[in-house]
> 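Right, I'll just put the structure down here and ask away after.
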Amino acid sequence: MLNFEKAKIYGVDKVGSSNPAALTRTDDAVGLNVTVGTSEITSDFDRCYPYSDMQEVTDEHGNVFIKIPKFYAKITKNADGTFKHQISGVRYEGFTTLFIDGEGNELDYILVGKYEGSGSSALVESKSGKTVLVNITADNFRKGCKANGDGYQQYDFLIDLIIKELWLVEMKTTNSQSIMYGYANGNSAAVATGRTDAVKTPSGSEESNTDGKHACKYRGIENLWGNTFTWCDGISFGGSNYYEKVYVCTDPKSYAAGKTASPYVYHGDRPSSGWLKTVAPLNRHPLIQYATETSGGSATTYFADYALADGSVLAVGGAWVYGSYAGLWYWSGSFAPSSAYSTLGGRLCKKPL
């Protein structure tokens with residue numbers, strides 16, 4: 001029997017406009033509202049799939065995740081160079097999904113760590129009230145995640161894109177810090193996990209959404225930007241001209257920091273470092289996008305985030321002191337496989353086998 005709620009299409013248009021607030025709702029999203037309060041955010045999307053079916057899950061080790069059910073998406077380029085993004089629980093013509101494994105099989109869901117990773121390189125955790133694990137390379141963080149068992153991994157590029165699709169359709173802006181600044185405004189050190197546990201709504205910040213002095217969460221996932229950078233697996237950069245070529249792998253078993261050989265596949269080129277102006281699908285998969293233009297952007301226009309492009313490994317989000325550079329689209333592709341800093345951590349995730 002067809003689930004009518006799951007069959008609805010929710011969309012947002014004019015993505016990539018110079019004014020991030022110029023985006024408009026389409027399809028069944030028309031008329032839905034999000035209200036940003038002092039710390040809590042109320043959303044009509046709570047009753048819409050897939051948001052309605054996102055739930056908190058705790059595994060046998062006590063790790064806490066947010067379960068995101070599979071959805072399909074479509075990105076359409078407009079004549080003016082902006083894009084329309086649509087999501088649905090049903091695979092309509094032209095729709096496809098990022099919920100895939102290394103062989104292209106569809107996954108019913110993914111589990112994303114509710115908290116930034118803690119623990120050690122021997123065993124990474126996702127638990128409240130813990131010190132964030134930093135000063136660790138991407139490869140060692142991945143090993144610590146995999147130590148939890150089959151299917152466990154660290155945050156990856158497909159997960160990052162899935163969360164961005166959810167955000168775009170719901171929040172109707174490419175300026176994430178206009179909704180929640182995140183713990184990024186001139187702070188002196190990272191805070192422990194669980195600071196948003198008392199926030200009653202799925203999205204919001206402790207005490208203030210605007211001052212940059214408090215942790216935030218989106219759909220239950222804490223500190224997607226701010227506090228510490230998050231290692232992002234499954235994407236590498238290579239080439240002779242300042243690592244301009246983008247390589248993507250969808251098989252977590254084959255992830256390796258900075259790797260560009262098979263099964264990593266060349267998807268397109270990235271621009272030099274700068275404020276993001278254009279994010280567009282690359283040339284191999286209709287939903288796999290990356291920065292394609294950085295000239296002409298700023299901290300308040302287009303995507304209102306920065307993309308760095310002088311390294312082979314990606315981390316996302318920005319840290320406690322990054323100010324307006326932090327955000328959901330802050331792609332810091334300036335790291336090397338050997339990078340390990342006090343501002344740089346990760347997130348435990350899991351995909352079903």
Side-chain angles (χ1 to χ4, degrees), residues 45-46 49-71 89 97-101 106-133 136 138 141-167 170 191-204 215-234 250 252-253 255 315-317 328 345-353:
F45 286 83
D46 289 351
Y49 185 90
Y51 309 92
S52 58
D53 286 26
M54 294 175 66
Q55 57 186 284
E56 188 173 299
V57 174
T58 302
D59 71 5
E60 60 182 318
H61 310 296
N63 296 306
V64 187
F65 300 90
I66 299 299
K67 183 178 182 179
I68 305 177
K70 179 176 62 179
F71 62 85
T97 188
L98 293 166
F99 289 74
I100 52 175
D101 64 13
E106 293 188 8
L107 305 175
D108 290 335
Y109 63 89
I110 58 172
L111 298 178
V112 181
K114 179 180 177 68
Y115 306 107
E116 293 158 281
S118 56
S120 69
S121 58
L123 186 68
V124 172
E125 300 175 327
S126 175
K127 297 179 180 180
S128 182
K130 301 292 185 178
T131 300
V132 179
L133 175 61
I136 182 171
F141 197 96
R142 184 189 318 108
K143 291 176 183 176
C145 291
K146 294 176 73 172
N148 282 279
D150 292 342
Y152 288 88
Q153 60 167 88
Q154 67 178 328
Y155 191 85
D156 70 22
F157 191 52
L158 295 185
I159 294 171
D160 190 58
L161 293 174
I162 285 168
I163 291 171
K164 286 174 168 60
E165 289 300 308
L166 291 169
W167 172 277
E170 180 179 17
V191 294
T193 63
R195 296 291 290 267
T196 62
D197 285 351
V199 179
K200 296 178 181 178
T201 50
S203 303
C216 67
K217 65 178 178 180
Y218 174 62
R219 286 286 153 189
I221 306 170
E222 190 173 78
N223 291 332
L224 283 166
W225 63 92
N227 206 39
T228 62
F229 276 102
T230 298
W231 279 124
C232 190
D233 237 339
T250 62
K253 296 189 298 294
Y255 289 164
V316 298
L328 187 58
R347 191 177 299 270
L348 178 65
C349 298
K350 185 180 183 182
K351 294 181 181 177
L353 299 177

> Taking only residues two or more places apart in sequence or in another chain, which ones pass side chain to side chain donor-acceptor pair (under 3.5 Å) with Lys200?
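With sequence neighbours excluded, Lys200 shows a side chain to side chain donor-acceptor pair (under 3.5 Å) to no residue whatsoever.
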
> Is the closest side-chain donor-acceptor distance between Gln153 and Asp233 under 3.5 Å?
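No.
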
> Would you please name every residue forming a side chain to side chain donor-acceptor pair (under 3.5 Å) with Lys70, sequence neighbours left out?
Tyr72, Glu106

> For Ile221 and Arg347, work out which heavy atoms get closest and say how close.
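Closest heavy-atom pair between Ile221 and Arg347: CG2-NH1, 3.4 Å.
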
> Where do Tyr155 and Leu224 land on the side-chain contact (heavy atoms from CB on, under 4.5 Å) test, with the steps shown first?
CA-CA 11 Å; Tyr155 191 85; Leu224 283 166; 4.1 Å; yes

> Just by distance, with hydrogens left out, do Gln154 and Tyr255 show a side-chain donor and acceptor under 3.5 Å apart?
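No.
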
> With a 4.0 Å cut-off, would you call Asp156 and Lys351 a salt bridge?
yes

> Quick one: do Glu222 and Arg195 make a salt bridge, cutoff under 4.0 Å?
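No.
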
> So among Tyr109, Tyr49, Phe99, which one has a ring-ring contact (aromatic ring centres under 6.0 Å, His included) with Phe71?
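Going through Tyr109, Tyr49, Phe99 one by one, the ring-ring contact (aromatic ring centres under 6.0 Å, His included) with Phe71 is satisfied by Phe99 alone.
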
> Can you tell if the side chain of Glu125 reaches within under 4.5 Å of the side chain of His61, non-hydrogen atoms only?
no

> If you take all heavy atoms of Thr196 and Gly204, which pair is closest and at what distance?
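Nearest pair, atom of Thr196 first, then Gly204: CG2-O, 4.5 Å.
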
> So which heavy atom on Leu348 is nearest to which on Val124, and how close?
CD2-O, 3.7 Å

> Do Arg219 and Asp46 meet the salt-bridge criterion of a basic N to acidic O distance under 4.0 Å?
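Looking at Arg219 together with Asp46, the answer is yes, because their closest N to O distance falls below 4.0 Å.
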
> Please find the pair of heavy atoms, one from Ser128 and one from Asp197, that lie closest to each other, and give the distance.
OG-OD2, 2.6 Å

> Might you point out which heavy atoms bring Val132 and Val191 nearest each other, and give the distance in Å?
CG2-O, 3.6 Å

> Using the ring of each side chain (for Trp, its six-membered ring), is Trp225 parallel, tilted or perpendicular to Trp167, with breaks at 30° and 60°?
perpendicular

> Locate the shortest heavy-atom distance separating Leu107 from Pro352; write the atom from each residue and the value.
CD2-O, 3.6 Å

> Report yes or no: do Tyr152 and Asn63 form a side-chain donor-acceptor pair below 3.5 Å?
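Looking only at side-chain atoms, Asn63 and Tyr152 do not form any donor-acceptor pair under 3.5 Å.
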
